[in-house]
Amino acid sequence: MKLQSLHPWYVSVEEAKALQTSLAPMVSHTNEITGNVGHIAGVDISPPNDEGTVRAAVVVLSYPGLQPEEVRLAEGKPGLPYIPGFLSFREVPVLIDALESLELTPDVIIADGQGLAHPRRFGIACHLGLITDVPAIGCAKSILRGRYDRLDSGAGSRAEMVDRGEVVGLALRTRTDVSPVYVSIGHKVDLDSAAEWVLACCKGRRLPETTRLAHQAAAGRLPSGRLSADEAGRKSKDSDDQARESIATQQGKFL
DNA sequence: GCGACAG
DNA sequence: ATCTTGTCGC
């Protein structure tokens, strides 16, 4: 896929901070996800190896079947060490190579980290949304910014997270009695839609399939490439059909 | 000055 | 991100 080049990536923390504040106003908080979502992507980075290089992975899943259809990998030096608030400048430089080699164009991207729930309202999900121009969602396992008070224990429960008086995200319980994930807007999506997409990817697990498989791919446990149109393609088409069917019957119960 | 701090 | 042990529930 073609990416927008907005600025240099290997910059100092001070430059990164200035870029974040100047890019944050470009983020769209409006839902622009169409009804015809066929592909959802997840991205992740491995921890650095002994030479200090990381492996970036992007995995494109069919929707609603959630079967992997394309896996792309890239290796390189992180743009920065891990510094809270600057994760995108660490991970995205290497992720760019993987994203550019993508044949499929995802309709939604789910990032492993924050979107708006960030000190300057510009987490990695926002950054990925801008450079890909694809609707993006932040789904983090822990909090960077924001507080919430009460969250019911049932799956699907959510609570607004507030930082400096602004609602920056949601604590979302994806499974009953497990710690929530923290969802925020990345780009071209609203918060409620973002939560629905995360839930739709969770198949009864705590984390979305996108993050799970991207994590496996970054760890080198998934073969890269376009899954062949025969067995894998038929498999994912079958599970898409099955998933559509079960969505239809579930909706039928409420009509 | 101190604490908090995505991956 | 990593590491370890114990506990709970199906």
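Just so you know, these numbers use all the heavy atoms, side chains as well, and skip hydrogens, waters and symmetry mates. Residue numbers start from 1 in every chain, and the chains themselves are labelled A, B, ... in the order their sequence lines are given, proteins ahead of strands.
We find that CD1 of A:Ile83 is positioned 12 Å from C1' of B:dG7, with the value rounded to whole Å. In this entry the distance linking NE2 of A:His127 with C1' of B:dA6 reads 15 Å, nearest Å. A straight line from CG of A:Leu87 to C1' of B:dC5 spans 12 Å, rounded to a whole angstrom. The interatomic distance linking A:Met161 (CE) with B:dA4 (C1') rounds to 13 Å, in whole Å. In this entry the distance linking NE2 of A:His215 with C1' of B:dG7 reads 11 Å, nearest Å. For the pair A:Tyr182 OH and B:dA6 C1', the computed distance is 12 Å after rounding to whole Å. Rounded to whole Å, the distance from CZ on A:Arg145 to P on B:dG7 is 15 Å. Computed from coordinates, the A:Asp163 CG to B:dA4 C1' distance equals 12 Å when rounded to whole Å.
Comment: A:Arg145 does not engage A:Glu166 in a salt bridge, judged by the lack of any side-chain N to carboxylate O separation of less than 4.0 angstrom.
Across all strands shown, A:Gly138 has no heavy atoms under 4.0 Å from either base or sugar-phosphate atoms. Here A:Ile45 lies out of heavy-atom contact (under 4.0 Å) with every strand. Residue contacts shown for A:Phe86 include a base, since a base heavy atom lies under 4.0 Å away.
When distances run from any side-chain atom of A:Pro47 to the nucleotides B:dG7, C:dA1, B:dA6, the shortest one goes to C:dA1.
Contact detail for A:His127 and A:His7: the closest heavy-atom pair is NE2-NE2, 2.8 Å. Contact record, A:Leu128 with A:Ala111: CD1-CB, 3.9 Å, taken as the closest heavy-atom pair.
Taken from CD in A:Glu75 to CG in A:Asn49, the straight-line distance is 7.5 Å, to the nearest 0.5 Å.
Remark: A:Lys141 is not in phosphate contact with B:dA6, judged by side-chain N or O atoms under 4.0 Å from OP1 or OP2. Here A:Ser142 reaches the OP1 or OP2 of B:dG7: one of its side-chain N or O atoms lies under 4.0 Å away. A:Tyr82 has no side-chain polar atom (N or O) that falls below the 4.0 Å cut-off from OP1 or OP2 of C:dA1.
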Quiz prompt | Verdict with reasoning, A:Met1 to A:Thr132, per side-chain contact (heavy atoms from CB on, under 4.5 Å) | solution = CA-CA 8 Å; A:Met1 75 184 294; A:Thr132 60; 3.9 Å; yes

